[in-house]
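Below: the structure, in structure tokens.
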Protein chains: 2
Amino acid sequence: MSVVRDLQLDTACPDTRALVEHVTSKWGVLVLLALEEGTQRWSELKRSIDGVSEKMLIQTLQTLEADQLVRRDALPVVPPHVEYSLTDGGREAAALLGPLMHWAQLRAQG
Amino acid sequence: MSVVRDLQLDTACPDTRALVEHVTSKWGVLVLLALEEGTQRWSELKRSIDGVSEKMLIQTLQTLEADQLVRRDALPVVPPHVEYSLTDGGREAAALLGPLMHWAQLRAQG
DNA sequence: CCGCATCCTATCGGATACTG
DNA sequence: CAGTATCCGATAGGATGCGG
């Protein structure tokens, strides 16, 4: 009945935990909210998200893609042209993360 | 204007990031949602939150207390009797985390 | 009952250099 | 442009044991 009851399941359910950790990770939340505004290329994302290393950007994108929150479209041209966008699930996640980030920002910076 | 603009500030603002990491941490989210139902003693929390070690429970509580999301009340009796409850800020956090956990759970377990 | 101290491991995440 | 590969330090988090 209670929220806690559900959460005890969580502790026993690594999948739920993993998903939460992915979307709330340092770069995961930034990627999701950046893509919430629309499709972006890899290099655009790298510029949008200040301070992200190539390693972490790729890694984060691959994780979120595996979670089916982000879609990757690679156009077979030279030079490579790869676009990233949110799936429906990704939009759901972003919609939940936005308020959380907003709250944290208000609280941390006054 | 955009959400992303705000988030770029985030990257440069460790305080916001830290707060998000605290409330979305493995045990932080469980503590906040457990306390959302009302005041609990330390030993009750330990039993409520399945699998938490003493070290992590204490550490999580101290972090959230420092963030002013959790209040600690120690009654000067023997044996010690310590109660934990949410502050207004803690209730705000819990209200944002509930939907996120619910979403993750539905998505992870179907 | 409540909490601290210590040790240990795995993972996170940054820096750097290299490829098609 | 869009990655891959490798090394490295810092930290999260578990196990165990002690103390008031």
Side-chain angles (χ1 to χ4, degrees), chain A residues 10-31 34-35 39-67 70-85, chain B residues 7 10-32 34-35 39-67 70-85:
Chain A
D10 262 336
T11 318
C13 176
D15 294 346
T16 302
R17 238 297 104 201
L19 191 52
V20 174
E21 281 177 351
H22 295 169
V23 301
T24 65
S25 70
K26 180 171 181 180
W27 303 111
V29 50
L30 296 176
V31 165
L35 288 178
T39 297
Q40 289 199 50
R41 300 185 54 177
W42 190 83
S43 48
E44 289 178 299
L45 273 175
K46 179 150 174 47
R47 259 177 288 113
S48 299
I49 302 174
D50 189 51
V52 69
S53 67
E54 300 189 346
K55 172 187 169 181
M56 291 314 297
L57 181 55
I58 294 287
Q59 187 174 300
T60 302
L61 285 167
Q62 287 172 346
T63 300
L64 295 178
E65 191 192 359
D67 288 336
V70 162
R71 179 172 47 243
R72 178 183 183 275
D73 288 301
L75 288 69
V77 296
V78 280
H81 183 110
V82 183
E83 294 186 338
Y84 290 94
S85 55
Chain B
L7 287 171
D10 261 334
T11 318
C13 176
D15 293 346
T16 302
R17 239 294 107 201
L19 190 53
V20 173
E21 280 177 353
H22 295 170
V23 302
T24 63
S25 69
K26 181 172 179 179
W27 304 111
V29 49
L30 296 176
V31 165
L32 287 168
L35 288 178
T39 297
Q40 288 200 50
R41 298 184 58 177
W42 189 82
S43 48
E44 289 179 299
L45 274 175
K46 179 149 174 49
R47 261 177 287 113
S48 299
I49 302 174
D50 189 50
V52 69
S53 67
E54 300 189 347
K55 173 188 170 181
M56 292 315 296
L57 181 55
I58 295 284
Q59 186 174 301
T60 302
L61 286 167
Q62 288 173 345
T63 300
L64 295 177
E65 190 193 358
D67 289 336
V70 162
R71 179 172 45 242
R72 178 184 184 274
D73 288 300
L75 288 70
V77 295
V78 277
H81 184 109
V82 183
E83 294 186 339
Y84 291 93
S85 54

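So that the names make sense, note that chain A is the first sequence line, chain B the second, and so on, each numbered from 1. What you are looking at is a predicted structure, and each value in this text was computed from that prediction instead of being measured.
Between B/Arg47 and C/dC1 there is no side-chain polar atom (N or O) within less than 4.0 angstrom of OP1 or OP2. Under 4.0 angstrom from either OP1 or OP2 of C/dG3 there lies at least one side-chain N or O belonging to B/Tyr84. Between A/Trp27 and the phosphate of C/dG13, there is no side-chain N or O to OP1/OP2 separation shorter than 4.0 Å. Taking only side-chain nitrogens and oxygens, B/Arg41 never comes nearer than 4.0 Å to OP1 or OP2 of C/dC1.
Looking at which nucleotide of DNA chain D each of B/Ser25 and A/Glu83 is closest to, the 5′-most match is held by A/Glu83. Taking the nucleotide of DNA chain C with the nearest heavy atom to each of B/Pro79 and A/Met56, the more 5' of the two is matched to B/Pro79.
You can see that DNA chain D meets the heavy atoms of chain B within a 4.0 Å-exclusive cut from D/dG13 to D/dG20, reading 5' to 3'.
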**Request:** Determine, stepwise, if the pair B/Leu30 / B/Val52 fulfils side chain to side chain contact (heavy atoms under 4.5 Å, CB included).
**Result:** CA-CA 10 Å; B/Leu30 296 176; B/Val52 69; over 6 Å; no
**Message:** Working note: A/Tyr84 + A/Val31, criterion side chain to side chain contact (heavy atoms under 4.5 Å, CB included); need CA distance, chi angles, decisive distance, verdict.
**Reply:** CA-CA 10 Å; A/Tyr84 290 94; A/Val31 165; over 6 Å; no
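Between A/Leu57 atom CG and C/dG13 atom C1' there is a gap of 13 Å when expressed in whole angstrom units. The separation between B/Arg72 atom CZ and C/dC1 atom P is 16 Å, rounded to whole Å. We find that CD of B/Glu21 is positioned 11 Å from C1' of C/dG13, with the value rounded to whole Å. Between A/Gln59 atom CD and C/dA15 atom P there is a gap of 15 Å when expressed in whole angstrom units.
At a threshold of 4.5 Å between non-hydrogen side-chain atoms, the residues B/Val29 and A/Val20 do not count as touching. The closest side-chain heavy-atom distance from A/Asp15 to A/Leu19 is not below 4.5 Å.
Here the closest non-hydrogen pair linking A/Gly28 and A/Leu64 is O-CD1, 4.1 Å. The two residues B/Thr60 and B/Trp27 come nearest to each other via the heavy atoms OG1-CB, 3.6 Å. Of all the heavy atoms in B/Gln40 and B/Ser48, the pair that sits closest is OE1-OG, 2.9 Å.
For the side-chain hydrogen bond (donor to acceptor under 3.5 Å, both in side chains) test, no residue two or more places apart in sequence or in another chain qualifies with A/Glu54. Scanning for side-chain hydrogen bond (donor to acceptor under 3.5 Å, both in side chains) contacts around A/Glu83 gives A/His81, with sequence neighbours left out. With sequence neighbours left out, the side-chain hydrogen bond (donor to acceptor under 3.5 Å, both in side chains) criterion links B/Glu65 to no other residue.
Taken from CZ in B/Arg41 to OG in B/Ser85, the straight-line distance is 14.0 Å, to the nearest 0.5 Å.
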Table of protein N/O atoms under 3.5 Å from nucleotides 4-9 of chain C N/O atoms:
unit_1, atom_1, unit_2, atom_2, d
C/dC4, OP1, B/Gln62, NE2, 3.3
C/dC4, OP2, B/Gln62, NE2, 2.9

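Across the helix from C/dC1-D/dG20 to C/dG20-D/dC1, the helix axis at one end is tilted relative to the axis at the other end by 40° (nearest 10 degrees, each axis from five pairs).
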